[in-house]
Amino acid sequence: MERKVAWNEYDEEGRNNVFDFAKKYTKFISDCKTERECVKETVALAKKAGYKDLNDHIKKNKRLNPGDRVYAVNKEKAVVLFSIGKKPMEEGMNILGAHIDSPRLDIKQNPLYEDSGLVLLDTHYYGGIKKYQWVALPMALHGVVALKSGKVIEVAIGEKGTDPVIGVSDLLIHLAAEQMQKKGDKVVEGEDLNVLVGSMPPLKNDDTKLSDDDKNDNHTDKEPVKKAILALLKAEYGIEEEDFQSAELCVVPAGPARDYGFDRSMIMGYGHDDKVCAYPSLIAQLESVNPDRTSCCILVDKEEIGSVGATGMHSRFFENSVAEVLDRLGQFSDLALRRTLANSNMLSSDVNSAYDPNYAGVSEKKNTAYFGKGVIFIKYTGSRGKSGSNDASAEYIARLRKIMDDAGIIYQTAELGKVDAGGGGTIAYIMGNYGMNVIDCGVGVQNMHAPYEVISKVDLYEAYRGYKVFLEKC
Ligand code: MN
Ligand code: MN
């Protein structure tokens with residue numbers, strides 16, 4: 001069974017459309033590196049497209065009607081959008097789901113220390129990473145610091161051209177004889193992922209930036225550089241050392257995503273997993289106006305650590321939001337909610353591993369995703385005998401094949417690696433619990449979970465086109 005190369009389906013004008021869409025996506029992932037940043041931008045784009053806040057409808061006791069479009073935000077880290085259809089909700093929705101968290105280094109609660117004149121931030125990595133990949137790179141700090149006053153301060157250092165960057169050091173090859181003998185997971189260990197942020201003591205007679213307490217022990221202090229860094233943070237952001245306790249600060253690769261390849265056919269950037277599915281899902285949702293079945297797009301947090309917690313897919317947020325929408329439509333009952341969920345169709349969109357000639361051995365060539373062969377449908381994920389997989393039903397896949405073929409969408413099928421090579425999970429099985437039709441679907445990625453991942457522009461475009469058709473026709 002041969003799959004088509006999507007590039008061959010496009011003439012010059014068609015390829016320009018592919019590149020235009022990729023350009024907008026490149027900006028999105030360059031601006032939005034954390035789930036909070038993704039939610040903020042999603043809400044901004046939704047409002048621009050005419051979406052209203054579901055909570056406003058609830059507060060003002062305003063009804064929803066077919067054609068209305070609303071969004072709801074969960075703790076600034078997950079978001080759901082609904083475009084209300086003409087048919088009763090009980091007949092089910094068409095749902096696009098993806099995650100907006102990506103692997104990174106999170107700052108610990110008590111992170112700051114000075115060692116031999118260097119000031120560092122202690123981290124705990126987030127998600128599955130090869131730790132040795134995250135050293136000797138320009139990194140940026142993104143996130144929020146919540147103060148006791150209730151104020152939340154946003155931090156982003158390292159993205160503007162004039163910003164400094166930070167990073168984790170690596171051991172020089174000259175002294176790495178012992179390190180190079182270690183197993184890959186021990187080459188760089190978790191507790192060694194400390195981020196260097198400063199090395200300069202305060203000016204001898206410059207007490208102006210220090211608090212009164214600190215002025216007394218200025219210059220006699222054992223940690224002068226740390227004090228200077230704290231003074232700088234106080235002046236720039238109004239935060240103190242104690243405030244790290246209530247912060248969510250992430251260290252991520254600095255700088256924008258970029259075109260990859262002499263022909264610019266690919267994009268290299270941080271966080272394709274899973275923004276390369278979240279972004280086209282969002283755009284397809286925003287373009288869904290007056291659908292027959294209600295269109296829904298859910299972008300969640302915490303997938304990389306098991307979809308747990310209040311902002312992960314396991315949380316009741318999604319179900320509660322659907323209940324609120326039913327209530328606003330005057331259609332709510334417990335049974336109506338259950339039927340809405342059970343009768344829904346979903347594309348659980350997440351990245352899959354794209355074939356890599358450098359590591360051909362981990363894939364089985366017939367059932368592997370390839371760059372350029374379009375959006376991927378993944379019947380099952382899991383590992384060691386499909387364990388942990390939502391195995392999508394044959395009947396549902398047949399329907400999707402018809403819809404995609406009729407619309408001329410270029411797609412392929414794949415597994416994540418050859419049998420017993422490894423595996424992975426997504427949010428699909430969680431939505432499967434409601435009894436809805438759900439299949440994993442997404443875009444192929446090289447270097448998954450590395451600081452810089454790579455995708456094909458035409459696969460991104462086919463995902464967008466496929467998601468649009470799914471919302472309209474499924
Ligand atoms: Mn993912
Ligand atoms: Mn992942």
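Just follow the structure's listing: the first ligand is 1, and inside any ligand the first atom is 1.
With respect to Glu415 and Lys386, no salt bridge is recorded, no charged nitrogen being found less than 4.0 Å from a carboxylate O. At a threshold of 4.0 Å, the pair Lys366-Glu2 does not count as salt-bridged, since none of the basic side-chain nitrogens sits closer than that to a carboxylate oxygen.
Taking backbone and side-chain atoms together, Glu303 has no N/O/S atom less than 2.8 Å away from the Mn ion (ligand 2). Taking 2.8 Å as the criterion, Asp274 does not count as a coordinating residue of the Mn ion (ligand 1), since none of its N, O or S atoms falls below it. For the Mn ion (ligand 2), the set of nearby N, O or S atoms under 2.8 Å includes one belonging to His449. Backbone or side-chain N, O or S atoms of Cys277 do not reach the Mn ion (ligand 1) at under 2.8 Å.
Using cut-offs of 30° and 60° on the angle between ring planes, the pair His272 and Tyr25 is parallel.
The environment of Gln133 atom CD is dense: over 12 non-hydrogen atoms of other residues, nucleotides or ligands sit within 6.0 angstrom.
Between Gln412 atom CD and Asp459 atom CG the span is 6.0 Å, to the nearest 0.5 Å.
At the Mn ion (ligand 1), the vertex angle linking NE2 of His99 with OD2 of Asp350 is 90° (nearest 10 degrees). Rounded to 10°, the angle formed at the Mn ion (ligand 2) by OE1 of Glu304 and OD2 of Asp273 is 140°.
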